[in-house]
Amino acid sequence: MRAMSLAGAAPRRKQSPVITASEPTGPDRGERPAALLAWYDRHRRILPWRPPAGVPADPYAVWLSEIMLQQTTVRAVGPYFEKFMARWPSVKALGAASLDDVLRMWAGLGYYSRARNLHACAVAVTRNHGGAFPDTEQGLRALPGVGPYTAAAIAAIAFGRQTMPVDGNIERVVSRLHAVEEELPKAKPRIQELAATLLGPERAGDSAQALMDLGATICTPKKPACALCPFNDGCVARLRGDAETFPRKAPKKTGALRRGAAFVVTRGDQLLLRSRAAKGLLGGMTEVPNSDWLADQDDAVARAQAPALKGVTRWQRKAGVVTHVFTHFPLELVVYTTQAPAGTRAPAGMRWAEVATLADEALPNLMRKVIAHALD
DNA sequence: GATTCGTGGAT
DNA sequence: TATCCAAGAAT
């Protein structure tokens, strides 16, 4: 079965230099799952959370990596995954950690609700499931932070369940393979259905990871390397020559620029910090005091939101602005600095933190930019 | 169904 | 430079 998949397809293509849409080369529909797995066995990526071929996956590592990989690149996740596994080697260990410690470790990775749900999920698995992840898609789906994709991914990869998770990679591969004209997200059910036909009778997890690797390395968003694809000219979009235009989706609108002010207060070797609200943007993370962020922010109004500090009346405005781009709006912050006298009290809800230990704080990258700009 | 949620790299 | 977008979920 394995021998026919790739080795068998090549000579047939050679004998038919004239390729027509009516006689596509490449594996037949029924042969695709095997061809995909054969490709995977040769070209699978080596990733920190992926055990060697044939070695069963650790559900905890699979879950942790899947949460981190939501809307996040493999490269960005790598070091975070290693850090988490080293500090919390099991779901029970993670469940015993404080949310604050988890947020500190997650700082910089973005989408901080994932970190809150990660912690809540670890607690739930520890307390309600005895430290063992549910081994069904339905059971997994009930956990915080685990949606349709992640539940299917864990079920297939960690427990061998016959289900096909559909992520952005697989949406792209499948929409090209079948030239799905319908736009996302309306096309999701159809794509899910088509993706499931690529599931082999065994090795469900490998089938899914194969499609993801294919999407990440061959069937890329721009300039796909179609010549190296195991599906070959079985791909309708490739035959049409417009693979790059799939998947269809409506262009997304960019949000309006918002502006605000940030206030960096030093007291000797210390810095004034506070925590953000538990939910919402950068929820639960640490920040320096700052104003509202508004589309039509008035500079004077923003500056007036500086924290009230006894003995502090003069603020220096740093030249330039700190810019940051969130998913749905760009942000410009003006930075004001001041030096508070020794002994100055932190206002209610705020605290002093050593500059030398800022690396250990739950500071999102925006705040790290602000502090770097201020202390520059 | 549409919004809200970070960040950095590639093109 | 501007745009896209990466193993999506929650609301």
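Chain letters run A, B, ... following the sequence lines, proteins first and then strands; every chain starts at 1.
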Open item on the list: Looking at the base of C:dG8, is there any donor atom on it, or on the side chain of A:Thr72, that sits under 3.5 Å from an acceptor on the other one?
Closed with: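 No, no donor-acceptor pair under 3.5 Å.
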
Open item on the list: By nearest atom, which of the nucleotides B:dT3, C:dG8, B:dG6 is closest to the A:Leu281 side chain?
Closed with: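 Within the option list, the nearest is B:dG6.
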
Open item on the list: Of the listed nucleotides (B:dC5, C:dA7, C:dA10), which one gets closest to any side-chain atom of A:Arg172?
Closed with: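 Nearest listed nucleotide: C:dA7.
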
Open item on the list: Strictly distance-based, threshold 3.5 Å: is any side-chain N or O of A:Gln192 a donor or acceptor partner for the main-chain N or O of A:Met164?
Closed with: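 Answer holds: yes.
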
Task: Flag, side chain of A:Asp298 to backbone of A:Ala300, donor-acceptor distance under 3.5 Å - done: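 The answer is yes, because a donor-acceptor pair under 3.5 Å joins these two groups.
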
Whole angstrom is fine here: how far is it from [atom1] in [X] over to [atom2] in [N]?
{"X": "A:Phe329", "N": "B:dC5", "atom1": "CZ", "atom2": "C1'", "result": "10 Å"}
{"X": "A:Ile170", "N": "C:dA6", "atom1": "CD1", "atom2": "P", "result": "12 Å"}
{"X": "A:Ile154", "N": "C:dG8", "atom1": "CD1", "atom2": "C1'", "result": "13 Å"}

Check nucleotides 7-11 of chain B for protein N or O atoms closer than 3.5 Å to its own N or O atoms and list the pairs.
residue: B:dT7; atom: OP1; partner: A:Tyr112; partner atom: OH; Å: 2.9
residue: B:dT7; atom: OP1; partner: A:Asn365; partner atom: N; Å: 2.7
residue: B:dT7; atom: OP2; partner: A:His324; partner atom: NE2; Å: 2.5
residue: B:dT7; atom: O3'; partner: A:Asn365; partner atom: ND2; Å: 2.8
residue: B:dG8; atom: OP1; partner: A:Asn365; partner atom: ND2; Å: 2.4

Task: First of A:Leu69 and A:Leu143 reached from the 5' end of DNA chain C, by closest nucleotide - done: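 Between the two, 5'-proximity favours A:Leu69.
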
- [ ] Could you pick out which residue, A:Ala216 or A:Lys279, lies toward the 5' side of DNA chain C when each is mapped onto its nearest nucleotide?
- [x]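 Comparing both residues, the 5'-ward one is A:Ala216.
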
TODO: Ignoring hydrogens and angles, state whether a donor on the side chain of A:Gln209 or A:Arg50 is under 3.5 Å from an acceptor on the partner side chain.
DONE: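 Present: a donor and an acceptor within the cut-off.
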
TODO: For residues 352-370 of chain A, pull every pair meeting salt bridge (charged side-chain N to carboxylate O under 4.0 Å, His left out), keeping only residues two or more places apart or in separate chains.
DONE: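 Pairs touching residues 352-370 of chain A that pass the test: A:Arg351-A:Glu361.
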
Open item on the list: Connecting only ILVMFWY residues whose side-chain heavy atoms lie within less than 4.5 Å of each other, what is the rest of A:Val265's hydrophobic cluster?
Closed with: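 Direct or chained contacts put A:Val265 with A:Phe263, A:Leu272, A:Leu309, A:Val312, A:Trp315, A:Val321, A:Val334, A:Tyr336, A:Met350, A:Trp352.
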
TODO: Classify the nucleic acid contact of A:Arg50 as base, sugar-phosphate or nothing, counting any heavy atom under 4.0 Å across all strands shown.
DONE: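 Since a base atom lies under 4.0 Å of A:Arg50, the category is base.
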
- [ ] Using the P atoms only, state how far C:dA7 lies from B:dC5, rounded to an integer number of Å.
- [x]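 23 Å, rounded to whole Å.
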
Task: Test ring-ring contact (aromatic ring centres under 6.0 Å, His included) applied to A:Trp63 and A:Trp49, A:Phe81, A:Phe133, A:Phe84, the passing residue - done: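 For A:Trp63, the ring-ring contact (aromatic ring centres under 6.0 Å, His included) test succeeds with only one of A:Trp49, A:Phe81, A:Phe133, A:Phe84, which is A:Phe133.
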
